[in-house]
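Here the structure comes first, spelled out in structure tokens, and everything after it is commentary.
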6 protein chains.
Amino acid sequence: MLNKNIETFIGCGAEYDAASLVISGAPFDSTTSYRPGARFAPAAIRHESYGLETYSPYQRRDITEFSVFDSGDMELQFGAPSAALSDIEGRTAEILSDGKIPFLVGGEHLVTLGAVAAAVKKYPSLHIIQFDAHADLRDDYLGARLSHACVMRRCCDLTGDSRIHQFCIRSGDKSEFAFAERHTDMHPFGFDKLFETAAALREKNTPVYLTVDLDCLDPSSFPGTGTPEAGGVSFNELLEAILEVCGANIVGADINELSPMLDQSGASTALACKIMRETLIAILKNK
Amino acid sequence: MLNKNIETFIGCGAEYDAASLVISGAPFDSTTSYRPGARFAPAAIRHESYGLETYSPYQRRDITEFSVFDSGDMELQFGAPSAALSDIEGRTAEILSDGKIPFLVGGEHLVTLGAVAAAVKKYPSLHIIQFDAHADLRDDYLGARLSHACVMRRCCDLTGDSRIHQFCIRSGDKSEFAFAERHTDMHPFGFDKLFETAAALREKNTPVYLTVDLDCLDPSSFPGTGTPEAGGVSFNELLEAILEVCGANIVGADINELSPMLDQSGASTALACKIMRETLIAILKNK
Amino acid sequence: MLNKNIETFIGCGAEYDAASLVISGAPFDSTTSYRPGARFAPAAIRHESYGLETYSPYQRRDITEFSVFDSGDMELQFGAPSAALSDIEGRTAEILSDGKIPFLVGGEHLVTLGAVAAAVKKYPSLHIIQFDAHADLRDDYLGARLSHACVMRRCCDLTGDSRIHQFCIRSGDKSEFAFAERHTDMHPFGFDKLFETAAALREKNTPVYLTVDLDCLDPSSFPGTGTPEAGGVSFNELLEAILEVCGANIVGADINELSPMLDQSGASTALACKIMRETLIAILKNK
Amino acid sequence: MLNKNIETFIGCGAEYDAASLVISGAPFDSTTSYRPGARFAPAAIRHESYGLETYSPYQRRDITEFSVFDSGDMELQFGAPSAALSDIEGRTAEILSDGKIPFLVGGEHLVTLGAVAAAVKKYPSLHIIQFDAHADLRDDYLGARLSHACVMRRCCDLTGDSRIHQFCIRSGDKSEFAFAERHTDMHPFGFDKLFETAAALREKNTPVYLTVDLDCLDPSSFPGTGTPEAGGVSFNELLEAILEVCGANIVGADINELSPMLDQSGASTALACKIMRETLIAILKNK
Amino acid sequence: MLNKNIETFIGCGAEYDAASLVISGAPFDSTTSYRPGARFAPAAIRHESYGLETYSPYQRRDITEFSVFDSGDMELQFGAPSAALSDIEGRTAEILSDGKIPFLVGGEHLVTLGAVAAAVKKYPSLHIIQFDAHADLRDDYLGARLSHACVMRRCCDLTGDSRIHQFCIRSGDKSEFAFAERHTDMHPFGFDKLFETAAALREKNTPVYLTVDLDCLDPSSFPGTGTPEAGGVSFNELLEAILEVCGANIVGADINELSPMLDQSGASTALACKIMRETLIAILKNK
Amino acid sequence: MLNKNIETFIGCGAEYDAASLVISGAPFDSTTSYRPGARFAPAAIRHESYGLETYSPYQRRDITEFSVFDSGDMELQFGAPSAALSDIEGRTAEILSDGKIPFLVGGEHLVTLGAVAAAVKKYPSLHIIQFDAHADLRDDYLGARLSHACVMRRCCDLTGDSRIHQFCIRSGDKSEFAFAERHTDMHPFGFDKLFETAAALREKNTPVYLTVDLDCLDPSSFPGTGTPEAGGVSFNELLEAILEVCGANIVGADINELSPMLDQSGASTALACKIMRETLIAILKNK
């Protein structure tokens, strides 16, 4: 008898109960102010992951050594950021309460807020490490407070000051940089002080949420994103940074802002798959 | 001394006070459930209109014979359908109260609701003629009542039964077709009864709002739209229908659902420009 | 507890045992001589089918009224036509022996040979109805006898003369047209005599395999195919033809030769989804 | 010993001396006012012609039955219309003086002027049949008299009044349509009176130059052109018109305005190849 | 009352009289010998600049602190390089005579010649700094002396020897490199000696015209150009070089050779916008 | 009299007898497991090479100083790897036996096996230098032993252990890396030990076959390939490595895995042309 057609990220075919990490897709991009399309990322990443191997020559580990469950995409209401965030928070809370690590695949960067809201409830001392081209620290954007351009500001509302460590930032208005000076730990342009930051968090076993806005990469490596911002980091730099950070106590993570249709060569989607494989292995091998 | 760089739809350079028709762009597509991008249509149409002539050999009139003002695009909040509709209604009401005809360029089809809300206040006996592949008659879509998939249902809430004349419809769920049988005047697939309908409205001088969802066209003519639905009408059929309908008392109109990035040949945008030129001339020559 | 991520063609979520029709993807295009890419069609059709409704206003039936199982894609060896055809024949035979109708989604047209090989064993009096721009009647192509350009010639080897009814053919070398005069029932360019052919088969309850090479369509409607051939039929003509043919005793069917990456507007894939929905409903409502 | 790599249009491998028709590419598009790219057409047509068969089921003839020489592309100076036209006129005159039929592959429509200049010198009673969306009858365009938008006006300067028969025209400014009424034989929109016109020319054995601006086709069939103009003819209509016209005494011909990069599906280039094959056979079978 | 739709580069909304710098678009690419499309760059840059912020974290300045006027695009005659250059020289001279800095946005690189012709009249001791992959030093190209491939040779005719400082050059024929040894100051491949060159010019307060052919960048960062040439500089290297050069006395500048349609991800256009913002701020903050 | 249209790689117009190097295209990609299209590379490289100069400023030599013959593309049977390899081996053997250097342009990487099979017969002590993202060391792939994923394993069968020097490898399954430890000389990720390896081969005058899978490059430089793998080398690094290796006794070479349609900017094809020009010059200047 023939089997049903199950689609997962490559090598992530575990059952829910056995899994130590759970992938969820958040195909939402309604507040994207420029070029939408991040909604297509979770399905594209899952589908294109089969162009990858399961083995990482960087970490000399294979993702099939670990138990990962891929729960597919959430059905989120377009045009209703508040409802969408509530759904994301709900699923994330369920995964956390089952003792598993939630791994979210955006979607626009706003989706991070739903996952962080759940994580900070379980881990009140949560720190956030953000890799991103944009500060995302506006208090509102065209009047909206739930916008991709405000997501880290809203996270800061939840975590309090000095808990968000921002790297690779090279775009924002003047007020966002001013806010960062007072409220976050911002390292503009690249990964300056990344190793020190990671080491400090690791030593104290601080619970860390890692959010990777893939536009932290230079558009030469990653053109498939809504707001490409020249002057970013290379794939090798990002990989090294992720491996370093995952030595800390990662309690949740996401990657976001791939817009697959904007890079019809497929190279951006393939890179996102590879970053995801490496991040999953790095988180899991350290548990 | 050099001049500022003013961009309008071709041949539409009148001053506001002198104009009998006013163009407004509504670059909104936040509730689009499938492939977004209609937000880019107003700017693309304005820009690409310069590949057209101002003269219509079909109507043997030139758009420069009339006075049209192009007010540019509204700045609408992404992810906030209610606020966006309110802004559209406001601008439409202003234009109507100045005795001019509002002509809206979407954006997704939901934007029509803002314009109709203003029009029905001024013209309580308003009828609507809709050219569209999709019925757009759901009561809600994934829980949202302000969605492109519900826009004509919401218009029906405003106009009451039997005031909406639907043509070219070839997609919807079973309940939408059932609703249409009881509440609207639906003519599926093509323009069957279009001439009779237009004639009846013309005779009674009924105020008519014309909404053209460009996906009424067959995707062979118009692939540049979020949800292409095979089996539609040709350009010549649509042109003939518009010329016929514009013999009635048109008090407002829109075209919507062009998604320019989805047709990189530019043919869909060029067609939208031509339909817009012909519609503008047809409305204005009958005033 | 969260569920696994199951992907099917829209509305085709039945269990295997309950199903009367079984969908299989055949992502194979190794003998394509011009532009490959049909291998991506089954996954694209399944994924993009969610832009459709399950309800057909043409047939006033909903695909959810029937029981269809989607078995996903076969894992076929690239560069090995003989092995791939053997795998397709094996799966088709299994479905037929369980009393269900096999519905194959190519891939290049060669995949039809595997399904026909199984069907003709169960139904020795099998006829084939082929909609196609190309005759596909070469005895070999650059020395290969298992090639997309030879597929109907190989089918003819299995069924014997006068059993293949070819429509829409408008390309081939001189020898193929000569072969057709002696061995097949060819109707070039369009659907001339389609209704008579279908009626005759229906009357005798002849078992019929329907193979739809989507390049029978005019490239204006369906540019997303490896060898677009101008002068084909329209969507409405193809739909009407399929509805007519499905009144006969269809024992197996396929659609093939969509190459999704060649039409980046998505209109070709959307059309293929719609033709597939209509064909599934038409086959099943007549059982 | 290995052979040199010779590229010709499919089936056109004759030697120059033996040939009755000579193909020349004119990769020029410097006066294109909107979207350039027609310069790439001759190479693309030659290359993609191998997706076609040499056999025409429409005419039941094979292009290999005739002797055609493909002389490759001329090296024309970009940005220098006058020099480019002089080169085209020179090569055309050489072909004509050798008693062969020149067949030009544009490039933008301006290239026709070079070929017509040579043809009208040999055949002072030359008539021109033009299939085109645009009248091309301006006296100047932004000050330039050698522009694609003026090409038929310049031809009219050479042939005199009433010698140019224009079909499918659906774009131009008011003055061009006025000029046509006095000086050319214009049939707007389609092929109305085409058969009568062709019959009259055939009866008198008038020497005819046929110029096919492929944008006469509807953009649904032919999106790959710089200025797509909705409302054109279908492939089948154009084919029928060409077969009819080629019954007259064709002394030279061209096809132009394919811009291959604008239709990345390849369907426009494939159509141009097919029209070229059919035109070549139709001209040659009537000699 | 509604306002007219004015389009400018982001943050450049000053009145002409108040402005110290004036932007002009030069949408000309008629001599492009390979892939045209640079004509679309000025409109694309203006439009896409709204994906940027007005604030530069690199220079910690905001473009709105300065007064820039955007005069829109010149209407240049295609196919007539001499006329186009004359128009560019005229507008540049007007801006210079009003005591403002002209900033030209190409178009192909030939447009620089018009601006330099005006600048060298006002500043006879003018030096030029050129960032470019190509030497552009041919005396003629296929017979044309006004060609993108000859532009710096023509500039050298105007400035005299040793006044042109060429960086990043990695393409040319043998004779161009030989010419450079005798007549220009060429630094192949990268920015070797850039700082020394800029320092020397700054010390003497030499008037400098800066021309940035964006293909100086590596195609990984900037694929959207007609003749991509591997082996170029990175965005960060180019940015640093521009900031350095703008410490000198810049009296005019341009960026050119973006061809937006060739990079459909939008990353090339976004990079051009960012380089333009940084260059504008760098020039203006040093005045 | 007009000439036939001969197409060669730029500057490679020598006669066969005079040539010291012979280019052959191998347009084959039937075993490509992911995204096909490498079959289009040889024609694209030949066509687009005219955007390059013949002069190399890196080596200060011009390709026209050498004698290269371009024999065009082989006509290889799709779907029949064994037959295709046999044809490639045959042509390569012919070139080698005439005392010339064979230079193959793929196609997928499997084509290398045909050329190596011929080379190892003439040069039993042959070593291979491979630049590649993928190890290509599987014993079979989905059951096939003649697959792009197995090509270096098959080469290893021919050369014996320790003769294959692999650089830039960053993808493979665990077993491939284990095989490499025992049987090949693998240097993962980059060009570590490249200079030492080249020096040792040069000193012993070992016959070397150089195979460049262009996906060794980072996808930022080279997105136009079927399986882009982030983390590769830059153009400048690859160029330097090739110049170094070509100091050894190169007896045959190939470049492969460009898939031109996947990078519609043309930058990948342009880079492949430039790498080919530099490799040709580097091989020939050292003879």
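Since we're looking at a predicted model, the values are computed, not measured. So you know, we letter chains A, B, ... as the sequences are listed, proteins then strands, and number each from 1.
- Of the residues considered (Ala80(C), Ser33(C), Pro81(C)), Ser33(C) shows the highest number of contacts with chain F, using heavy-atom pairs under 4.5 Å.
- Chain C forms more heavy-atom pairs under 4.5 Å with one residue of Gly79(F), Gly143(F), Pro27(F) than with any other, namely Gly79(F).
- Neither the backbone nor the side chain of Leu146(F) comes within less than 4.5 Å of any heavy atom of chain C.
- Minimum heavy-atom separation, Gln77(F) to Ala144(C): OE1-CB, 3.6 Å.
- For the set Thr32(C), Asp29(C), Thr31(C), the entry with the most heavy-atom pairs within less than 4.5 Å of chain F is Thr32(C).
- At distances below 3.5 Å, at least one donor-acceptor pair connects side-chain atoms of Ser30(F) with backbone N or O atoms of Ser30(C).
- Using a 4.5 Å cut-off on side-chain heavy atoms (C-beta onward), Arg35(C) and Pro36(F) make no contact.
- Considering all non-hydrogen atoms of both residues, Leu142(F) and Leu76(C) come closest at CD1-O, 4.2 Å.
- Expressed to the nearest 0.5 Å, how far CE of Met261(F) lies from CE of Met261(C) amounts to 7.5 Å.
- The line from CD of Glu108(C) to CZ of Phe78(F) is 11.5 Å long, rounded to the nearest 0.5 Å.
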